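Worksheet: one structure, shown below.
Start at 1 and go down the list; that is how both ligands and their atoms are numbered. All figures in this text were calculated on a predicted structure; none of them were measured in a lab.
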Amino acid sequence: MQFIIKNIKGLIQAAENINNKVCGKEMSVLPIIENAYLIIQDGLIYDYGSMEHCPQIDGESIDASGKYVFPSYIDAHTHLVFAGSREKEFELRIKGASYEEIAAAGGGILNSAHKLKDASFESLYDAAYQRIMDLVKLGTGAIEIKSGYGLNLASEIKMLRVIKELKKNSPIKIKSTFLGAHAYPLAYKNNHEAYLDEIIQKMLPQIAEEDLADYIDVFCDRGFFSPEETDKILKAGISYGLKPRIHANELDYSGGIQVGVKNNALSVDHLEYTGDEEIKCLLQGNTMPILLPSTAFFLGLHYPPARKIIDSGLPLALASDYNPGSSPSGNMNFVLSLACIKLKMTPEEAINAGTINAACALELENSHGSISKGKVANLFITKEINSYQYIPYNFGHNNISSIILNGRVLNI
Ligand code: NIG
Ligand code: FE
């Protein structure tokens, strides 16, 4: 099946050989074809170019006059399988309590774990599927999902089985991450060693046996997992074939970035506390820094130093961190707006960070993250807008008029 989109005002991130992360100054370069056509065939991008060279084809044709076409966003960090929500904590924080104080009192991640324990597989699956479809309508075309609200064998496995089922049925590509080391359950508060044993001796073998995860994650931060504990867990995960990606330096200079780079993590995520030492460490490795500005926005944290990271020559990716505690939104349009408004990234840098660099962080760079021949035809068509910069500028609005997933127009 073939169809064509014609008269596209601007075809964004469109070029061949976009299969590598863009770093430093390269992040401000965004390949765009003005007044373009795009041909989609059998679910893939078949051809594109300037309207001057537009071929005649038999299939259906869509007119995109005045509109831009973007490759779908790649959301490389979410926790979108969860039970219930956490508005009570939201109110406590409005009244002055901090995220860490709420967590230390048994709220936060432990609150979500408590709710998830009693939730059925079906209810978790249905809610998560609905969340994915809501994000798809906002332009997301591939996603990473973590466990980590189980915190015991049965519940972690239940979450990962939900993600496996979502992988089978969702219209977008999903990568699955085991995050048993998200918080210490209350019973293990004073016996960390025993919880590490639970993760390493019980959870990991079963996850490997059922092929439930692609990656392993640890929340390496003050009050959560130390760099030494993180190192041990990552190494155990690696021995089962799970590549690491970690939560690091959200609450302090935790040593998380260093332990991630040392273990060749695919990404280190959050990075609110990133200084010269951390930048130097990232420059020596191959690990993608992923920033999650909607978390800093929602929790009122200070924002990570995106400019410093990019200006040092590093690549950067953006993700939503969609979860009930620190970012109850998975809207990548808003993430891009925050990146521009609060992280001082240019629209071009933000778009690179939310497409090709995020695809690299999920090892999807050969199939997603750009408009290139042979890649999966996951893209969105904007409404009629003046410029592509209007997307991050017009924060809080949805400027998407159509979604195409696997080469098919989705009814939205
Ligand atoms: O990425 N930082 C750790 N984990 C999540 C928060 C999870 C929660 O509060 O439920 C995050 O922000
Ligand atoms: Fe997270």
Side-chain angles (χ1 to χ4, degrees), residues 75-90 92-93 97-117 119 124 128 131 143-151 155-156 159 163 175-185 215-225 229-230 233 244-252 254 256-257 260 265-273 288-304 317-330 332 335 338 358 361-362:
D75 193 347
H77 181 140
T78 83
H79 309 245
L80 69 66
V81 174
F82 58 85
S85 52
R86 306 223 301 261
E87 303 89 312
K88 285 223 173 70
E89 295 177 7
F90 174 57
L92 287 175
R93 282 193 304 95
S98 75
Y99 179 77
E100 282 179 276
E101 283 163 358
I102 293 168
I109 294 165
L110 296 184
N111 179 1
S112 283
H114 184 71
K115 291 187 161 95
L116 186 127
K117 189 167 163 277
L124 289 170
R131 287 179 198 124
I143 202 161
E144 183 259 13
I145 310 175
K146 301 173 195 298
S147 70
Y149 292 128
L151 309 182
S155 297
E156 281 295 314
M159 280 189 88
I163 302 172
K175 293 281 185 130
S176 163
T177 302
F178 169 52
L179 176 56
H182 199 189
Y184 282 102
Y215 306 123
I216 183 153
D217 193 342
V218 178
F219 186 9
C220 181
D221 228 317
R222 182 175 71 199
F224 291 84
F225 291 78
E229 291 163 349
T230 303
I233 298 164
R245 49 185 338 111
I246 66 172
H247 284 71
N249 297 45
E250 175 184 4
L251 306 171
D252 204 352
S254 63
I257 293 178
L266 281 167
S267 69
V268 284
D269 306 12
H270 277 293
L271 314 189
E272 278 75 5
Y273 290 84
M288 177 70 75
I290 302 187
L291 304 188
L292 314 165
S294 48
T295 302
F297 170 77
F298 188 72
L299 294 184
L301 306 175
H302 73 80
Y303 286 89
L318 289 164
S320 76
D321 198 18
Y322 190 10
N323 76 76
S326 68
S327 178
S329 160
M332 284 295 286
V335 169
L338 284 176
L362 290 187

Item to check | Side chains of D221 and Y273 in contact at under 4.5 Å (non-hydrogen atoms) | outcome: no
Checklist entry - Is there a donor-acceptor pair closer than 3.5 Å between any side-chain N or O of K175 and the backbone N or O of L362? => result yes
Checklist entry - When you check the side-chain N and O atoms of Y184 and E229, is any donor under 3.5 Å from an acceptor? => result yes
Next on the checklist: Could you tell me, atom by atom, which parts of ligand 1 come under 4.0 Å of a heavy atom of Y149?
Outcome noted: 7 (C), 8 (C), 10 (O)
Item to check | Numbering as shown, the atoms of ligand 1 that approach H77 to under 4.0 Å (heavy-atom distance) | outcome: 1 (O)
Item to check | Within-cut-off N or O pair, T295 and ligand 1, under 3.5 Å | outcome: no
Next on the checklist: Strictly under 2.8 Å of the Fe ion (ligand 2): which protein N/O/S atoms qualify?
Outcome noted: H77 NE2, H79 NE2, H247 NE2, D321 OD1
Next on the checklist: As an exercise, identify every atom of ligand 1 less than 4.0 angstrom from a heavy atom of I109.
Outcome noted: 7 (C), 8 (C), 9 (O), 10 (O)
Checklist outcome for this item: The protein heavy atom nearest to atom 2 (N) of ligand 1 is E250 OE1, 2.7 Å
Checklist entry - So, H247 and H77: side-chain donor and acceptor under 3.5 Å apart, yes or no? => result yes
Checklist entry - Among side-chain atoms of S98 and E100, is any donor-acceptor pair under 3.5 angstrom? => result no
Item to check | For atom 12 (O) of ligand 1, closest protein heavy-atom neighbour | outcome: S326 OG, 2.5 Å
Checklist entry - In terms of the angle between their ring planes, are F82 and Y322 parallel, tilted or perpendicular, with boundaries placed at 30° and 60°? => result perpendicular
Next on the checklist: Tell me which one of K117, R86, H182, E89 satisfies side-chain hydrogen bond (donor to acceptor under 3.5 Å, both in side chains) with S112.
Outcome noted: R86
Checklist entry - Closest non-hydrogen protein atom to atom 4 (N) of ligand 1, residue and atom name please, with distance? => result H182 NE2, 2.8 Å
Item to check | Spacing of L251 atom CG and E272 atom CD [to the nearest 0.5 Å] | outcome: 8.0 Å
Next on the checklist: Any donor-acceptor pair under 3.5 Å linking the side-chain atoms of N249 with those of H270?
Outcome noted: no
Checklist entry - Are Y303 and F297 an aromatic pair by the rule of ring centers under 6.0 Å? => result no
Item to check | Selected option - heavy-atom contact closest to atom 3 (C) of ligand 1, from F82, Y322, F219 | outcome: F219
Item to check | Under 3.5 Å: N/O of D321 near N/O of ligand 1 | outcome: yes
Checklist outcome for this item: Note: T295 and S320 closest approach over all heavy atoms is OG1-O, 4.5 Å
Checklist outcome for this item: atom 8 (C) of ligand 1: of Y99, F224, F298, the nearest heavy atom sits on Y99
